[in-house]
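Nothing here was measured: the structure is a model prediction, and the numbers come from that model. Labels below follow one simple rule: chain letters A, B, ... track the order of the sequence lines, proteins then strands, and each chain is numbered from 1.
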There are 2 protein chains.
Amino acid sequence: MSSDSTPQSKANQATIAYKLLKQDIINGVHQPGDKLLMSHLKESYDIGAGPMREALSQLVADRLVTAISQRGFRVAEMSLEELTDIYDARAHLEAMITELAIERGDEDWEATVLGEAHKLARVNEINTPDEMLEVWDSRHKAFHTAIAQGCGSAKLLELRASLQDQAERYRHLWLKKTVFSQSALEEKRREHADMVDALLTRDTVKAKQLMYEHLISPIPIIKQLML
Amino acid sequence: MSSDSTPQSKANQATIAYKLLKQDIINGVHQPGDKLLMSHLKESYDIGAGPMREALSQLVADRLVTAISQRGFRVAEMSLEELTDIYDARAHLEAMITELAIERGDEDWEATVLGEAHKLARVNEINTPDEMLEVWDSRHKAFHTAIAQGCGSAKLLELRASLQDQAERYRHLWLKKTVFSQSALEEKRREHADMVDALLTRDTVKAKQLMYEHLISPIPIIKQLML
DNA sequence: AAGAATAAAAATGTAGATATTTTTAAATAA
DNA sequence: TTATTTAAAAATATCTACATTTTTATTCTT
């Protein structure tokens with residue numbers, strides 16, 4: 001039966017360990033700078049050293065882990081500098097992708113964006129604050145992804161995904177410690193509405209600016225949390 | 001002394017194999033779509049299966065190799081679509097980075113760019129056509145890297161490097177089959193001079209446009225070679 | 001020819017051997 | 001004593017050789 005939660009039926013051990021460890025690093029189970037001891041990892045993820053190294057190599061490529069030959073692996077450090085760099089790079093990249101999406105997006109793209117925006121705006125109808133945040137986050141991501149898809153470039157979308165992955169640890173910091181006020185939510189909703197408007201009227205300059213500002217706005221908030 | 005040919009004194013087997021295999025893929029020793037048989041790889045690179053898998057995983061992250069669980073590894077396919085996507089994405093990204101470099105670059109940046117441009121322009125003094133092409137390529141890369149450094153974002157430079165890596169196979173196709181005419185070389189020289197001029201006068205719009213056009217210009221030529 | 005059974009090839013994983021680094025303790029010198 | 005070097009031990013990372021599982025090719029059967 002293919003009714004398991006993991007769509008790919010027969011992932012190998014390295015892939016399984018990669019996903020678990022990545023999630024654990026993003027969620028802060030392993031803290032920045034922590035030594036990733038092979039003996040400990042082998043036990044935690046119930047796996048041999050070979051596949052474990054394979055998983056670690058991939059995380060090094062993702063920049064979530066650092067390696068020094070003969071001295072093993074560590075969780076990559078986090079810093080205010082990196083936070084700023086990731087978010088700023090992401091904002092610039094996403095603004096550029098938005099410009100291309102406006103230029104290249106067809107009617108299907110418009111429809112999808114509109115649909116995701118609608119779903120996102122309706123999130124406040126769910127009440128449990130904990131559940132709300134999770135659903136809001138997932139729909140928020142879907143909304144932005146829908147916009148980005150319009151650019152039509154697989155490579156640019158890959159770069160975007162890479163930065164998004166690297167931002168996750170910082171973003172997680174924010175999501176776990178923030179309680180959304182109704183007014184903050186309302187402000188976000190307006191930002192998104194303005195963005196949809198700029199996209200559909202094909203106002204490139206405005207859309208780029210809104211996107212850039214939307215994406216760098218969490219920087220000062222996360223900076224606070226890191227001090 | 002740090003002047004040995006192998007900069008990192010004690011790289012592990014996986015790292016060594018990664019570099020060798022990557023180079024072999026870029027240089028077409030292993031062709032797109034080729035099966036990378038473990039038994040063959042082990043022999044070629046004189047290494048065990050564990051470290052070899054580690055190297056392959058990293059190349060999967062680089063998009064130079066594809067993997068299917070339980071069915072091994074293959075050299076990633078090449079296609080006209082991917083060629084266009086990589087080069088277009090690269091051109092857009094580099095144009096954006098150029099804009100930031102103009103905005104953020106200081107006097108040291110200007111000086112470095114000017115210096116690299118000078119070295120590049122003087123390449124034609126070398127005569128062996130074979131040697132010439134190699135030196136020209138390396139200085140050309142150095143010139144563009146010098147420009148990009150001005151953006152000051154480590155993350156954007158990483159994204160740039162990633163696309164450049166992926167473009168290498170296509171670029172290699174071009175470099176190996178092209179003999180530079182004196183006029184073609186002269187045209188490039190003029191393009192670079194114009195670019196330096198736009199950069200130093202901080203003419204953002206012009207610099208972006210020149211950069212974009214400079215980077216997409218090889219597309220039709222490489223397309224020809226791929227047919 | 002289509003399908004099942006079998007054999008061969010290949011990928012993946014495990015356990016233990018080897019090499020390197022880090023820690024600890026002892027010895028030496030200031 | 002205090003600091004520094006040296007030597008040994010422990011911990012750790014890495015690699016190899018072999019075992020297991022899965023896929024692919026071949027043969028056999030109907």
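The separation between A:Met52 atom CE and C:dG13 atom P is 12 Å, rounded to whole Å. Whole-Å rounding puts the A:Glu54 CD to C:dT14 P distance at 12 Å. The nearest whole Å value for the distance from the CE atom in A:Met38 to the P atom in C:dT22 is 16 Å. Atom CD1 in A:Ile47 sits roughly 11 Å away from atom C1' in C:dT14 (whole-Å rounding).
Side chain of B:Lys10, nearest nucleotide from C:dT12, C:dA11, C:dT21: C:dT21. For B:Gln13, the listed nucleotide lying nearest its side chain is D:dT16; candidates were D:dT23, D:dT16, C:dT21. Residue B:Arg71 has its side chain nearest to D:dT24 when only D:dT24, C:dT22, C:dT12 are considered. Closest to the side chain of A:Leu37, out of C:dG13, D:dC15, D:dT12, is D:dT12. Nearest to the side chain of B:Pro51, among D:dC15, C:dG13, D:dT22, sits D:dC15.
Side chains of B:Phe73 and B:Ile68 form no contact here, defined as non-hydrogen atoms less than 4.5 Å apart. Residues A:Arg160 and A:Cys151 fail the side-chain proximity criterion, which asks for heavy atoms closer than 4.5 Å.
Contact annotation for B:Lys42: no contact, since no heavy-atom pair falls under 4.0 Å across all strands.
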>> Walk me through whether B:Lys22 and B:Asp62 qualify under salt bridge (Lys or Arg N to Asp or Glu O under 4.0 Å).
In response: CA-CA 9 Å; B:Lys22 181 171 179 175; B:Asp62 291 346; 3.8 Å; yes
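The local environment of CG in A:Asp46 is sparse, with at most 12 non-hydrogen atoms from other residues, nucleotides or ligands closer than 6.0 Å.
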